[in-house]
Amino acid sequence: TQLLEQSPQFLSIQEGENLTVYCNSSSVFSSLQWYRQEPGEGPVLLVTVVTGGEVKKLKRLTFQFGDARKDSSLHITAAQPGDTGLYLCAGRTQAGDMRFGAGTRLTVKP
Amino acid sequence: GAVVSQHPSWVICKSGTSVKIECRSLDFQATTMFWYRQFPKQSLMLMATSNEGSKATYEQGVEKDKFLINHASLTLSTLTVTSAHPEDSSFYICSARELGGMNTEAFFGQGTRLTVV
């Protein structure tokens with residue numbers, strides 16, 4: 001079973017639409033990371049959130065860490081075909097290791 | 001960010017043989033390295049945590065005698081898949097955490113695709 005529940009698992013939208021991906025857990029994390037992974041490659045770090053309630057923006061991507069540090073969301077505004085990929089959330093446990101969500105496979109159609 | 005290099009990027013081996021995968025931190029020292037396995041269309045599953053100079057900690061369900069991990073230096077960890085079988089075919093990814101404590105970031109290698117025939 002996944003420590004982190006990510007939803008939705010699959011998302012197919014048209015270019016220009018907005019979307020939100022959720023990452024939820026019953027556990028508290030010292031930090032949470034969002035990654036994007038291309039086929040056949042390792043995950044590439046997008047952002048790390050550490051403080052409960054923290055909001056970080058990266059161009060059209062907005063990341064939020066829940067107040068209790070158990071959940072996070074990724075919001076993409078005006079999605080583009082280049083945003084297509086597998087988005088993974090990962091939480092750093094109190095023991096120091098990282099656990100991944102199941103991933104959200106995003107397809108943005110032109 | 002820091003660079004983690006995995007070698008080889010892909011390998012094909014015969015059933016019953018052993019395969020060694022290397023994970024190197026190129027520009028930093030890593031006290032801890034993590035080994036993950038990723039099956040097609042699935043997420044990364046942690047296999048084991050490797051600490052320099054000590055025995056690796058394996059996740060439940062991961063056979064330590066089958067997946068041998070050695071972390072002999074602060075820049076190199078190796079994963080050896082022994083007596084590989086077709087069901088071991090997967091994408092193996094390592095990550096390395098820089099010396100300095102549990103809150104430092106971990107960086108990922110590019111992965112190794114293992115195919116056992």
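The sequence lines fix the lettering, A, B, ..., with proteins before strands; numbering per chain opens at 1. As the structure is a prediction and not an experimental result, all values here were calculated from the model.
Both A/L46 and A/V108 sit in one connected hydrophobic cluster of ILVMFWY residues. Membership requires side-chain heavy atoms under 4.5 Å apart, directly or through other members. Hydrophobic cluster membership differs between A/V21 and A/V44, with clusters built from Ile, Leu, Val, Met, Phe, Trp and Tyr side chains linked at under 4.5 angstrom. Both A/L19 and A/Y87 are members of a single hydrophobic cluster when ILVMFWY side chains are connected at heavy-atom separations under 4.5 Å. Criterion: ILVMFWY side-chain heavy atoms under 4.5 Å apart, direct or through other members. Under it, A/L106 and A/Y22 are not part of a common hydrophobic cluster. A chain of hydrophobic side-chain contacts below 4.5 Å, direct or via other Ile, Leu, Val, Met, Phe, Trp or Tyr residues, connects B/W35 to B/L114.
When all heavy atoms of A/Q37 and B/L44 are compared, the closest pair comes out as OE1-CD1, 4.0 Å. Closest approach of B/K41 to A/R105, counting heavy atoms only: CA-NH2, 3.9 Å. Contact record, B/I93 with A/G42: CD1-CA, 4.5 Å, taken as the closest heavy-atom pair.
The contact between B/Q38 and chain A is made entirely by side chain atoms (from C-beta outward), counting heavy-atom distances below 4.5 Å. Neither the backbone nor the side chain of B/Q60 comes within less than 4.5 Å of any heavy atom of chain A.
Within 6.0 Å of CD on A/Q9 lie no more than 12 heavy atoms contributed by other residues, nucleotides or ligands.
Aromatic rings from A/F100 and B/F108 are positioned such that their centres are separated by under 6.0 Å.
How far CZ of A/R99 is from CE of B/M45: 8.0 Å, rounded to the nearest 0.5 Å.
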Take A/Y35 and B/Y36 through the ring-ring contact (aromatic ring centres under 6.0 Å, His included) test and state the conclusion after the steps.
CA-CA 15 Å; A/Y35 292 85; B/Y36 295 85; 9.3 Å; no
